[in-house]
Number of protein chains: 2
Amino acid sequence: MKPKIADVANVAGVSPTTVSRVLNDRGYISEETRKKVHDAMKELKYYPNEVARSLYINKTFLIGLIFPTTSNPFYGQLIFHLENIASSLGYKVLLCNSEGREDKEKEYLEMLQRNQVDGIIAGAHNKEIEEYESTNLPVVGIDRNLSSKIPVVSSDNYHGGQLATELLIRQGCQKVIHINGPSDLDTPANLRRKAYEDVMRAHDLKPLTYEVEETDSPVIGQLFDENPQVEAIFASDDLIASNVIQEAKRRNLSVPDNVKVIGYDGTQTIRSIFPELSTVEQPIENIAQKALELLMKQIDGDDESLPLETILPVRLIESETTRV
Amino acid sequence: MKPKIADVANVAGVSPTTVSRVLNDRGYISEETRKKVHDAMKELKYYPNEVARSLYINKTFLIGLIFPTTSNPFYGQLIFHLENIASSLGYKVLLCNSEGREDKEKEYLEMLQRNQVDGIIAGAHNKEIEEYESTNLPVVGIDRNLSSKIPVVSSDNYHGGQLATELLIRQGCQKVIHINGPSDLDTPANLRRKAYEDVMRAHDLKPLTYEVEETDSPVIGQLFDENPQVEAIFASDDLIASNVIQEAKRRNLSVPDNVKVIGYDGTQTIRSIFPELSTVEQPIENIAQKALELLMKQIDGDDESLPLETILPVRLIESETTRV
DNA sequence: TTGTAAGCGTTATCAT
DNA sequence: ATGATAACGCTTACAA
């Protein structure tokens, strides 16, 4: 069996309390016994049992991460940074892929509570889930309004939408169409659409938005069918944007000569595979950083100074797909 | 404070044991008390404390996942499936991004042991780490030989290398170059290179392999500089392949007219963003499935029938970048 | 059918 | 400077 503190104590010829003291550097221990204990731990290959420790101190140093899927490069990169930063703060992460399904998200939420996580960061694509209201756990949302009291971190979606739309208009396009995800999700990402519509109207252009459920939705084909004269498309994420470009190619439309396209997110992966794609880059690492900062504040009980909304700046990346 | 079994017992007017029995459906309980207990749990919003439970039953239903980074679409997709399947088996996953760093991997390994995980699945890009030898935990490696006793799951790297190389030769290329990751890692992925070299020699062609540390390595430029007459490149992953294609474009070489390129992995993300890329698709979901199956066997103590090497079939995807 | 009590491995309080 | 003991919330013999 795995050695426990009592075993170490036996080998070292001291009491369990003393071993615990050495382990946690608490109280006074003579150099001699400290050494004896360390030797015993090494001899037995002793590792403290964090489960027992968690039970006693009533804290697990565990954080739950609920996102649709690590498969998507945006979430993959975000989760990478979240785990990284959490780890540097001494926290471990429990990964939950909700696939945007409400039932799965609720199950995960309960599982995380049973497992006594110290906090949750969630960004799943879901409608509001009332369970977030009732939990007393520290929670932070990313690009998603979870409840009226839960802080949200997001990039400046409105400004991003402005930058993208204005770029397309500046490049001489009038017939600019927007493609967005489902609008019934309560997410600040809806501001991308709002910004697009505002900018269009400010230029006396008629906004037109298509909604897709999946990145390779047939709606994209429909868009081209219904708008043969389309000059530019602002897609609300890079995967949709690249599907738009493929559909354009299939129709022998040249990008950017016939149609200009801009996406959103600017993940490492996309920038590496498809650097020709113009996009609005989200500050993914900063989002992760800020989310954890807000979570730590809640965990440490500094609940006063919590901003309910944190908005981080985005960056326009002009590349080939929007060239004149 | 959070309610515990004793609180539920008080409200229901029974003993803690009875509550535990209801919770775990063990022993005989009258319908009446069962109902009283359930009502009390609902009233108190009681969630069992899994930490306490884990301590007693000496099992956490936790699995550690050690991979370089969720940012990379291959690992992102693999981790997605691993989490998904684990979840369906009643297990939770602790995510560790090792970034291919030996020091981080060792730290994570220790952390996972302290946290009493029931098993580990690792696929980090690292040299052999002796700590894997000494641990008594169930471990499974993915595309990576962790130690002589640890089962490894991988796709058929040799066959994949053959398929890719033979395709390029079949398309009429003679001067075919291979780009691989660092060869000092002990991974079955080295077989891709071996297969390439074998196939080349079988066709009386001279194999030439370049090694890159990063997907956007300057080595790619060097390759083109040193081999202006190169006809085809077999890259050992899709990200390298797309960097090769970009470098070719920069040099005004047309793909596939001047140079043909094939990658490896065939993740959803790449297939969606860059469907023109020919590649060898790994059966990512099956790999995850198999890895968990082998891990579960170890966890359940069925250690006899454990195959040390499991090889899953790959699929050639011919697309634009290798067209004649 | 239900309850009492001990124990999982740790830490903290209070002695010594 | 070190040790005995109780407690964290749960499960499981063993009793009743």
Enquirer: When you measure from the side chain of B:Thr33 to the backbone N and O of B:Ser30, does any donor-acceptor pair fall under 3.5 Å?
Expert: yes

Enquirer: Just by distance, do the side chain of B:Thr60 and the backbone of B:Gln116 share a donor-acceptor pair under 3.5 Å?
Expert: yes

Enquirer: Between D:dC8, D:dT2, D:dC10, which nucleotide has the shortest distance from any of its atoms to the side chain of A:Tyr56?
Expert: D:dC8

Enquirer: Output the distance between atom NZ (A:Lys4) and atom CG (A:Asn49), rounded to the nearest 0.5 Å.
Expert: 10.5 Å

Enquirer: On DNA chain C, does the nearest nucleotide to A:Thr17 precede the nearest nucleotide to A:Met1 from the 5' side, or the other way round? Give the residue.
Expert: A:Met1

Enquirer: Could you check how far CG of B:Asn24 sits from P of D:dG9, rounded to whole Å?
Expert: 17 Å

Enquirer: Specify the separation, in whole Å, of atom OH of B:Tyr47 and atom P of D:dC10.
Expert: 14 Å

Enquirer: Give the C-alpha distance, both sets of side-chain angles, the deciding distance and a yes or no for side chain to side chain donor-acceptor pair (under 3.5 Å) between B:Ser155 and B:Gln282.
Expert: CA-CA 6 Å; B:Ser155 61; B:Gln282 298 206 50; 2.7 Å; yes

Enquirer: Contact class for A:Thr18 (heavy atom, under 4.0 Å): base, sugar-phosphate, or nothing?
Expert: sugar-phosphate

Enquirer: Heavy atoms of chain A, cut-off under 4.0 Å: which first and last nucleotide of DNA chain C, 5' to 3', fall inside that, if you could look?
Expert: C:dG9 to C:dC14

Enquirer: Within the structure shown, what part of the strands sits under 4.0 Å from A:Pro48 by heavy-atom distance: base, sugar-phosphate, or nothing?
Expert: sugar-phosphate

Enquirer: Measure the distance from CD1 on B:Ile57 to C1' on D:dA13 and round it to the nearest whole Å.
Expert: 17 Å

Enquirer: Keeping to residues at least two apart or across chains, list the ring-ring contact (aromatic ring centres under 6.0 Å, His included) pairs with something in residues 86-107 of chain A.
Expert: A:Phe61-A:Tyr91

Enquirer: Give a yes or no on whether the backbone of B:Lys297 and the side-chain of B:Asp300 come within a donor-acceptor separation of less than 3.5 Å.
Expert: no

Enquirer: Tell me if a side-chain donor or acceptor on A:Asn97 pairs with a main-chain N or O of A:Glu99 at a distance below 3.5 Å.
Expert: no

Enquirer: Check whether any side-chain nitrogen or oxygen of B:Ser20 sits under 4.0 Å from OP1 or OP2 of D:dT11, and answer yes or no.
Expert: yes

Enquirer: For the pair made of CG in B:Asp7 and P in D:dC8, what is the distance, rounded to whole Å?
Expert: 11 Å

Enquirer: Measure from the side chain of A:Leu55, starting at C-beta and using heavy atoms only, and say which of D:dG3, D:dT11, D:dG9 lies closest.
Expert: D:dG9

Enquirer: Send over the distance from B:Asn10 CG to D:dG9 P, rounded to a whole Å.
Expert: 14 Å

Enquirer: Among all residues two or more places apart in sequence or in another chain, which pass the salt bridge (charged side-chain N to carboxylate O under 4.0 Å, His left out) test with B:Glu31?
Expert: B:Arg34

Enquirer: Could you tell me the separation between the CG atom of A:Asn58 and the P atom of D:dC10, rounded to a whole number of Å?
Expert: 11 Å

Enquirer: Return the value, rounded to whole Å, for the distance between atom CD of A:Glu31 and atom C1' of D:dT2.
Expert: 15 Å

Enquirer: Tell me the interatomic distance from B:Lys2, atom NZ, to D:dG9, atom P, rounded to whole angstroms.
Expert: 9 Å

Enquirer: Assign B:Thr33 to base, sugar-phosphate, or nothing according to its heavy-atom contacts below 4.0 angstrom with the strands shown.
Expert: sugar-phosphate

Enquirer: When we call it a touch if two heavy atoms are under 4.0 Å apart, what does B:Ser30 touch: a base, just sugar-phosphate, or nothing?
Expert: sugar-phosphate

Enquirer: Considering every strand and a 4.0 Å limit on heavy-atom distances, what is the contact class for A:Val51: base, sugar-phosphate, or nothing?
Expert: nothing

Enquirer: Under 4.0 Å between any heavy atoms, over every strand shown, what does B:Arg21 touch: base, sugar-phosphate, or nothing? Just pick one.
Expert: base

